[in-house]
Amino acid sequence: MSIPVFGVRSTEFPCTKRLSVYAVVIGKNGLIALARTPKGLYLPGGGIDAGEAEHQALLREALEECGLLLTIEHCLGRAIQYVTSRAESKCFEKHCGFFVAKVAGYATKTEDDHELIWLDPTSTAGKMRHESHEWAIALLKHTAR
């Protein structure tokens, strides 16, 4: 099975491989959790730190960004997302794992520039910062049939 690739690899800046994980969190009434930041909408998640397992990173990131305590159910899929940061003069080749999760509870988030919002998955098309996040949401809708 081939892994889908989103974005364009920069020829202008060096590209760094980054392992990342994201949660497609299904809440009440079928809404999904999103992190709204000054840069756009994202699924909760982010980079995996050295020595950290995927599930550990996902639980940490969801808590830091959104104050979500999660129960991870299963892997939804994997994708590669190229992201270029002109401000940092870098390109990131993000190897992303997307996991279906449910809310187990809430706690205090630590990232002040992130806000937890809930949206209907059908209303996220064209609103996500990264195409791979839209793909994962669409994949969830497709597998839920």
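In this structure, K90 places its NZ atom where only 12 or fewer heavy-atom neighbours from other residues, nucleotides or ligands lie under 6.0 Å away.
With a 4.5 Å cut-off on side-chain heavy atoms, V103 and L69 do not count as touching. Contact check for E134 versus T124: no side-chain heavy atoms found under the 4.5 Å cut-off. Residues Y106 and L68 meet the side-chain proximity criterion, which asks for heavy atoms closer than 4.5 Å. Inter-residue side-chain proximity for F13 and T84 is flagged as met; some heavy-atom pair is nearer than 4.5 Å. Residues F92 and C15 are not in side-chain contact: their nearest non-hydrogen atoms beyond the backbone lie 4.5 Å or more apart. Contact annotation: the side chain of W118 approaches that of V25 to within less than 4.5 Å [non-hydrogen atoms, C-beta and beyond]. Put simply, the side chain of F99 reaches to within 4.5 Å of the side chain of I72, judged on heavy atoms. Side chains of K102 and L70 form no contact here, defined as non-hydrogen atoms less than 4.5 Å apart.
Distance check, rounded to the nearest 0.5 Å: CG of L43 to NE2 of H133 gives 5.5 Å. Remark: I32 CD1 to D120 CG distance equals 8.0 Å, nearest 0.5 Å. The CD atom of E61 sits 9.5 Å away from the SG atom of C66 when rounded to the nearest 0.5 Å. Atom CD of Q81 is separated from atom CZ of R129 by 10.0 Å, given to the nearest 0.5 angstrom. Between the CG atom in L119 and the CE atom in M128 there is a gap of 8.5 Å [rounded to 0.5 Å]. For the atom pair CZ (R78) and SG (C96), the distance works out to 10.0 Å, reported to the nearest 0.5 Å.
Residue pairs that meet the side-chain hydrogen bond (donor to acceptor under 3.5 Å, both in side chains) test with at least one member in residues 19-38, sequence neighbours left out, are Y22-K94, R36-E115.
Centroid-to-centroid, the aromatic rings of Y42 and H114 stay 6.0 Å apart or farther.
One hydrophobic cluster, built from ILVMFWY side chains closer than 4.5 Å, holds both I137 and L139. At a threshold of 4.5 Å between side-chain heavy atoms, the hydrophobic network of Ile, Leu, Val, Met, Phe, Trp and Tyr places L59 and L116 in one connected group. In the hydrophobic cluster analysis, where Ile, Leu, Val, Met, Phe, Trp and Tyr join through side-chain heavy atoms closer than 4.5 angstrom, L58 is grouped together with I48.
Between R60 and D49, at least one side-chain nitrogen of the basic residue sits less than 4.0 Å from a carboxylate oxygen of the acidic one, meeting the salt-bridge criterion. Ionic pairing of E12 and R86 is present here: one or more N-O contacts between side-chain nitrogen and carboxylate oxygen are shorter than 4.0 angstrom. E64 has no carboxylate O lying under 4.0 Å from a charged side-chain N of K109, or vice versa, which leaves the two without a salt bridge.
Note on ring orientation: taking the six-membered ring where Trp is involved, the planes of W135 and F6 are tilted (angle from 30° to 60°).
Of the N and O atoms on the side chains of E93 and H95, at least one donor lies less than 3.5 Å from an acceptor on the other residue.
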Does I117 form a side-chain contact (heavy atoms from CB on, under 4.5 Å) with L41? I'd like the steps, not just the answer. CA-CA 9 Å; I117 64 168; L41 290 176; 3.5 Å; yes

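Remark: E111 pairs with no residue by the salt bridge (charged side-chain N to carboxylate O under 4.0 Å, His left out) rule, at least two apart or across chains.
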